[in-house]
Q: 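Below is one structure. I have some questions about it.
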Amino acid sequence: FGLSLPAVAVLLVALLCLDPHCRVGSAPICAHGPSGCHIPSLADLFDRVIQHSARMHSLSNDLHSEFEQYFLPSKNHIGKIYRKCHTSNILTPNGKDNAQKLAREELTEVILKLLMAWRDPLFQLHQSMAHQQDFNSFSSNKALEMGDMAHELRKGVEKVAEKMRVLGMLGNSVTGLSAAEAMLPLSDSGEAMSDYELLYCFRRDSNKVQNYLKILKCRIVPEHDC
Amino acid sequence: MAYSLSLGLLYLGLLCGNGLVSARSELFTPDPSRGPHFTGCRSREQETFRCWWSAGIFQNLTEPGALRVFYQTKNFLSEWQECPDYTRTVKNECYFNKTFTQIWTSYCIQLRSVRENITYDEACFTVENIVHPDPPIGLNWTLLNVSRSGLHFDVLVRWAPPPSADVQMGWMSLVYQVQYRVRNNSHWEMLDLESGTQQSIYGLHTDKEYEVRVRCKMSAFDNFGEFSDSIIVHVAQIPSKESTFPTTLVLIFGVIGVVILLVLLIFSQQQRLMVIFLPPIPAPKIKGIDPELLKNGKLDQLNSLLSSQDMYKPDFYHEDPWVEFIQLDLDDPAEKNESSDTQHLLGVSRSGSSHVLNFKSDDDSGRASCYDPEIPNPEDLASLLPGHSGRGDNHPLVSRSSSSIPDLGVQQTSEVEETPIQTQPAVPSWVNMDFYAQVSDFTPAGGVVLSPGQLNSCPEKKKEEENEKKIQFQLVSDGAYTSENTARQLSASVPPSPGPEQGYQTFPTQAVEGNLWNGEYLVSTSDSQTPYLLPEAPPAPILPPVSDYTVVQEVDAQHSLLLNPPSSQPAICPHSPNKHLPAMPTMPMGYLTPDLLGNLTP
């Protein structure tokens with residue numbers, strides 16, 4: 001082998017450094033410099049992110065319907081009318097007006113918190129669905145795809161937030177990016193949530209994220225209809 | 001009372017087991033057989049919602065205020081609150097305005113009779129799951145096109161989203177479903193969900209009236225709103241019959257023309273087509289032979305033909321039945337044993353009698369057939385041989401078994417050997433292939449009467465050791481042809497070594513190839529030919545192989561032919577020095593006919 005050790009090390013480092021950058025889905029990689037590629041505007045970024053969130057929510061709805069169809073909740077859920085999700089601690093605006101009144105930074109932070117909170121539970125959900133024989137592989141793949149989409153959406157929203165900050169639309173009070181800790185999905189009694197509960201909660205939260213993004217876009221990018 | 005209460009509670013439990021109530025249509029219609037219950041809750045724009053109930057069979061609770069609704073939001077407040085707004089205009093309706101509506105929040109509502117402090121019904125839900133959008137507005141249609149036949153047309157249907165839904169911001173993302181049917185028909189055709197505000201309908205029939213309607217729902221949710229008002233779509237049919245008529249006519253005429261063309265083509269090119277489709281089967285062919293002759297030719301022509309072919313191998317003779325026939329004709333069963341040709345030839349095994357070859361003594365049966373002016377059949381010729389072999393054991397020439405034939409390499413001489421037989425024109429040439437006929441007699445006319453000879457190979461000479469033979473040679477003096485073998489023997493003096501073989505060795509030991517008269521002896525009547533006779537049984541015959549024909553150099557006083565010794569021949573047998581052979585001028589190897597022989601007679 002003619003490769004020396006430093007060359008190998010440089011190669012390894014280059015490979016390691018290149019890989020995470022490819023995972024960001026929003027912006028294309030401009031290989032030929034700023035002149036050779038079309039940098040999307042903030043409106044385009046928002047559209048992409050909203051599209052992505054819509055797909056994610058649709059997936060979660062499908063999975064939830066399937067679950068409800070084949071696995072009706074057992075009778076021991078009679079007493080549990082109210083399902084507390086692990087993300088219930090996050091303060092989220094519960095209506096259109098409330099969301100519109102919220103500051104952009106806070107709204108962005110809420111979105112990011114929600115997405116961050118679902119990173120591990122979605123992975124957990126996929127694992128548990130994959131191991132059960134009751135689910136077919138199609139549902140298990142949907143769960144995996146859902147987890148990936150949540151991850152990508154989070155990256156995308158971070159990109160959008162970064163761009164907004166660059167453009168001066170956001171103040172510097174957005175601190176939720178690093179402080180959003182991953183939460184363990186625990187129910188009231190402290191036990192792990194079941195698959196159905198996870199699906200129910202994620203369906204709700206994905207709808208929240210989708211609507212928040214739409215409201216945010218309407219406020220950031222002024223359109224005549226907004 | 002308790003029974004009904006327990007029933008009610010059971011029903012409540014079943015209801016709440018689902019966790020939430022999606023306001024399905026079955027809940028909307030009041031069930032008269034039940035007690036007071038909620039008939040449904042709906043939201044139109046995901047910002048407010050309403051709930052309805054019914055008193056049911058309890059008619060005494062129908063007055064307003066008897067039943068009250070309490071709700072609870074499962075956020076952080078756990079207290080039951082009463083319905084914020086009982087709609088005045090509508091009976092039994094509770095309206096939650098924007099202030100009291102929280103999305104993504106679980107609501108539980110209870111229907112209570114405060115006076116009796118009984119909760120008749122309870123339901124839980126979240127608002128986004130009970131959203132039923134308002135129907136779209138502004139439904140209209142435009143004609144896209146009409147088909148060429150005038151029987152079908154396409155339309156484009158347009159509508160506007162419900163005004164209550166905030167689609168501009170995207171608070172509600174709607175999808176639409178268009179349905180149409182022929183008027184007064186009972187079955188509605190449904191098209192796929194459309195996220196835009198227009199859709200095309202294809203394949204409608206002219207002269208039919210269609211009803212079109214549209215409804216919408218939130219994407220990723222399951223609750224459709226109400227249908228919009230139907231619109232009527234109708235396009236009058238334009239009579240355009242003449243456009244279809246020429247088309248069919250042209251089609252018919254075209255098909256007929258093509259058919260006629262094909263028929264003409266087939267009939268004009270019939271022969272060629274026959275050749276293409278049904279190729280002639282090639283007739284069997286033998287190279288160089290006219291198949292007609294094969295079918296109709298005479299036997300001798302056939303024989304001459306076949307003999308001239310390469311396919312005619314000497315081995316063919318070996319399997320020839322009439323060769324076998326030779327052996328079979330042996331009278332003496334003792335002769336039928338598997339003794340070799342040499343033994344047959346020498347007559348060794350049979351008896352210890354002297355090998356007196358007297359051709360004249362046993363020429364009765366064979367010659368008779370030879371004189372037959374007809375073409376002798378193979379069987380007749382075969383009778384020649386057995387005739388000789390039937391002479392007795394002494395006859396050296398008997399027959400040769402087919403087994404010995406392969407040992408003889410007579411292939412080269414096969415063609416040449418035809419010629420001796422040509423003296424008898426009637427004899428087929430193939431008879432003489434590979435054979436050496438022994439001259440048995442001479443016709444007065446100068447022809448040679450042949451009897452089939454035998455070929456011998458060297459090793460087989462060893463068998464004739466047991467007898468000492470007195471060989472008497474009778475040289476036929478009147479121009480008979482003698483074999484070179486005989487001549488060689490005549491010329492050769494004494495066999496070199498007195499081997500174990502007795503009797504008859506020089507002649508039989510001659511090489512097969514080119515041996516015309518293998519082992520043939522010319523019986524010499526005169527005893528004066530002693531110089532050329534082999535008095536006793538010589539040892540192993542080691543004479544050189546003799547060519548087919550040796551030129552007769554001269555005839556000596558004893559009427560013996562002096563032949564030219566063969567020039568270069570592969571010696572199958574060891575060569576015996578030919579001491580006594582006078583030096584003869586080499587003459588071209590040629591065949592000596594009896595005519596020539598007559599010339600040579602001194």
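Scope of the values below: all heavy atoms of this structure, side chains included, with no hydrogens, waters or symmetry mates. Computed from a predicted model, the values in this text were never measured in an experiment.
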Q: Tell me, with the steps shown, if Glu128(B) and Asn207(A) meet side-chain contact (heavy atoms from CB on, under 4.5 Å).
A: CA-CA 9 Å; Glu128(B) 68 268 17; Asn207(A) 197 19; 4.0 Å; yes
Q: Is the count of non-hydrogen atoms from other residues, nucleotides or ligands lying under 6.0 Å from Phe123(A) atom CZ greater than 12?
A: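 Count not over threshold, so no.
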Q: Which heavy atom in Asp222(B) sits nearest to a heavy atom in Ser65(A), and how many Å separate them?
A: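 Heavy atoms of Asp222(B) and Ser65(A) come nearest at OD2-OG, 4.4 Å.
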Q: Please report the shortest heavy-atom distance between His57(A) and Phe221(B), naming the atom on each side.
A: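 The answer is NE2-CE1, 3.6 Å.
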Q: For residues Ala220(B) and Asn61(A), report the shortest heavy-atom separation together with the two atoms involved.
A: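 Closest approach of Ala220(B) to Asn61(A): O-ND2, 2.6 Å.
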Q: What's the separation between atom CH2 in Trp104(B) and atom CG in Asn94(A), rounded to the nearest 0.5 Å?
A: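 Result: 7.5 Å between the selected atoms.
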Q: Check the surroundings of atom CZ in Arg44(B): do more than 12 heavy atoms from other residues, nucleotides or ligands lie under 6.0 Å from it?
A: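 Open.
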Q: Nearest 0.5 Å, what's the CZ-OG1 distance between Arg204(A) and Thr105(B)?
A: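 Separation between the atoms: 7.5 Å.
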Q: Using heavy-atom distances under 4.5 Å, tell me whether Asp62(A) contacts chain B through its side chain, its backbone, both, or neither.
A: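 For Asp62(A), neither part sits under 4.5 Å from chain B.
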Q: Considering residues, nucleotides and ligands other than Asp229(B), do more than 12 of their heavy atoms fall under 6.0 Å from its CG?
A: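 Count not over threshold, so no.
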Q: Any chance CD of Glu82(B) has more than 12 other-residue heavy atoms, nucleotides or ligands included, within less than 6.0 Å?
A: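 Yes, the 6.0 Å shell around CD holds more than 12 heavy atoms from other groups.
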Q: Of the non-hydrogen atoms in Tyr200(A) and Ser106(B), which two are nearest, and what is the gap between them?
A: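 Closest approach of Tyr200(A) to Ser106(B): OH-OG, 3.9 Å.
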Q: Using ring pair (Phe, Tyr, Trp, His ring centres under 6.0 Å) as the criterion, list what pairs up with Phe70(B), not counting sequence neighbours.
A: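 So Phe70(B) forms no ring pair (Phe, Tyr, Trp, His ring centres under 6.0 Å) with any residue.
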Q: What's the separation between atom CG in Asp166(B) and atom NZ in Lys214(A), rounded to the nearest 0.5 Å?
A: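 If we round to the nearest 0.5 Å, Asp166(B):CG and Lys214(A):NZ are 10.0 Å apart.
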Q: Roughly how far, to the nearest 0.5 Å, is the CG atom of Asp97(A) from the OG1 atom of Thr99(B)?
A: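 Thr99(B) OG1 to Asp97(A) CG: 8.5 Å, rounded to 0.5 Å.
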Q: With sequence neighbours excluded, what pairs up with Glu47(B) under the salt bridge (Lys or Arg N to Asp or Glu O under 4.0 Å) test?
A: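 Only Lys96(A), Lys98(B) meet the salt bridge (Lys or Arg N to Asp or Glu O under 4.0 Å) criterion with Glu47(B).
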Q: For Glu226(B), I'd like to know if atom CD has over 12 heavy atoms of other residues, nucleotides or ligands within 6.0 Å.
A: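 Atom CD in Glu226(B) is not crowded, with 12 or fewer foreign heavy atoms closer than 6.0 Å.
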